[in-house]
J.: 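The structure that follows is given in the form of structure tokens.
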Amino acid sequence: MSQPAQRAATQSLISKYINKETLKYVFTTHFWGPVSNFGIPIAAIYDLKKDPEMISGPMTGALVIYSAVFMRYALAVQPKNFLLFGCHVVNEAAQLGQAYRYLDYHHLGLLNKKSDAETKTA
């Protein structure tokens, strides 16, 4: 691609995505609220590698409900906040993963441990 054509393509791309409306959006709570809220799902994804003994069942349940409510809220506000919706979709998936790990370790895994112990003693 020639340099003038490349410069024109770059200028077109910049004018398309970096404009007054985009900059106004970046400086709103509609943008920064979800961006700062992404710390919760990032932490939950990081915690998926940790020992399931450390998972709090009540807190995980609260975060599952919290994300479900705010997914609905993100689509109910005008204009719809798809960034907030995406944040809570990721958080919902991560928290459901944590909830499964919690249930498996504290409740479902106990059934397997008891049956293993019974077969060893029999």
Side-chain angles (χ1 to χ4, degrees):
M1 187 184 287
S2 69
Q3 193 152 3
Q6 187 177 13
R7 192 174 298 132
T10 304
Q11 195 67 15
S12 172
L13 188 69
I14 288 172
S15 66
K16 184 176 181 179
Y17 291 108
I18 300 177
N19 53 40
K20 202 178 236 183
E21 289 80 29
T22 304
L23 289 175
K24 280 171 66 174
Y25 175 69
V26 168
F27 291 108
T28 65
T29 56
H30 211 71
F31 174 78
W32 286 107
V35 168
S36 62
N37 204 27
F38 257 105
I40 296 170
I42 289 169
I45 291 168
Y46 178 73
D47 286 348
L48 286 170
K49 298 176 186 174
K50 291 187 177 177
D51 185 16
E53 185 176 323
M54 298 176 63
I55 299 171
S56 168
M59 186 63 190
T60 301
L63 285 169
V64 165
I65 293 168
Y66 160 79
S67 283
V69 167
F70 274 90
M71 276 193 288
R72 173 68 182 109
Y73 169 78
L75 297 177
V77 296
Q78 289 299 325
K80 292 179 180 358
N81 194 336
F82 293 110
L83 188 57
L84 182 64
F85 180 77
C87 172
H88 286 291
V89 166
V90 172
N91 191 38
E92 185 78 12
Q95 295 302 332
L96 286 172
Q98 289 290 64
Y100 172 78
R101 291 179 67 228
Y102 174 82
L103 290 172
D104 184 50
Y105 183 80
H106 290 283
H107 301 289
L108 304 175
L110 289 177
L111 298 174
N112 294 335
K113 289 176 191 171
K114 285 180 184 176
S115 64
D116 287 345
E118 288 171 4
T119 56
K120 288 180 184 177
T121 59

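Because only heavy atoms are used, hydrogens play no part in the values below, and waters and symmetry mates are left out as well, while side chains stay in.
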J.: So that I know where these two stand, are Y73 and F70 an aromatic pair - ring centroids less than 6.0 Å apart?
T.: yes

J.: Measuring from K49:NZ to R101:CZ, what's the distance to the nearest 0.5 Å?
T.: 11.0 Å

J.: Please determine whether side chain to side chain contact (heavy atoms under 4.5 Å, CB included) holds for the pair F38 and V35, giving the CA-CA distance in whole Å, both sets of side-chain angles, and the decisive distance to 0.1 Å.
T.: CA-CA 5 Å; F38 257 105; V35 168; 5.5 Å; no

J.: Enumerate the side chain to side chain donor-acceptor pair (under 3.5 Å) contacts for residues 51-62, please, sequence neighbours excluded, ordered by first and then second residue.
T.: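 Listed once each, the pairs are E53-Y105.
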
J.: Report whether I65 and M71 are members of the same hydrophobic cluster (ILVMFWY, side-chain heavy atoms less than 4.5 Å apart, transitive linking).
T.: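 Different hydrophobic clusters.
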
J.: Do L96 and L108 belong to the same hydrophobic cluster, where Ile, Leu, Val, Met, Phe, Trp and Tyr are linked whenever their side-chain heavy atoms lie under 4.5 Å apart, directly or via other members?
T.: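 As far as the 4.5 Å side-chain criterion goes, L108 and L96 are not connected within one cluster.
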
J.: On a heavy-atom basis, which atom in L48 and which in G97 lie closest, and how many Å separate them?
T.: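 Where L48 meets G97 most closely, the heavy atoms are CD2-C, 4.0 Å.
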
J.: Does the side chain of P52 reach to within under 4.5 Å of the side chain of D104, using non-hydrogen atoms?
T.: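 Heavy-atom side-chain distance check fails, nothing below 4.5 Å.
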
J.: Could you tell me which non-hydrogen atom of N91 sits nearest to which non-hydrogen atom of L63, and how far apart they are?
T.: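 Between these two residues, the closest heavy atoms are ND2-O, 4.2 Å.
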
J.: CZ/R72 to NE2/H88 distance, rounded to the nearest 0.5 angstrom?
T.: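 With rounding to 0.5 Å, CZ (R72) is 14.0 Å from NE2 (H88).
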
J.: For a 4.5 angstrom cut-off between non-hydrogen side-chain atoms, does I55 reach D47?
T.: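 Side chain of I55 against side chain of D47, heavy atoms only: no contact under 4.5 Å found.
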
J.: With clusters defined by side-chain heavy atoms of hydrophobic residues (ILVMFWY) lying less than 4.5 Å apart, directly or transitively, does V77 cluster with Y66?
T.: yes

J.: For residues C87 and P34, report the shortest heavy-atom separation together with the two atoms involved.
T.: SG-O, 4.1 Å

J.: For S67 and E92, which heavy atoms make the closest approach, and how far apart are they?
T.: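 That would be CB-OE1, 3.1 Å.
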
J.: Is the closest side-chain heavy-atom distance between F85 and V89 below 4.5 Å?
T.: yes

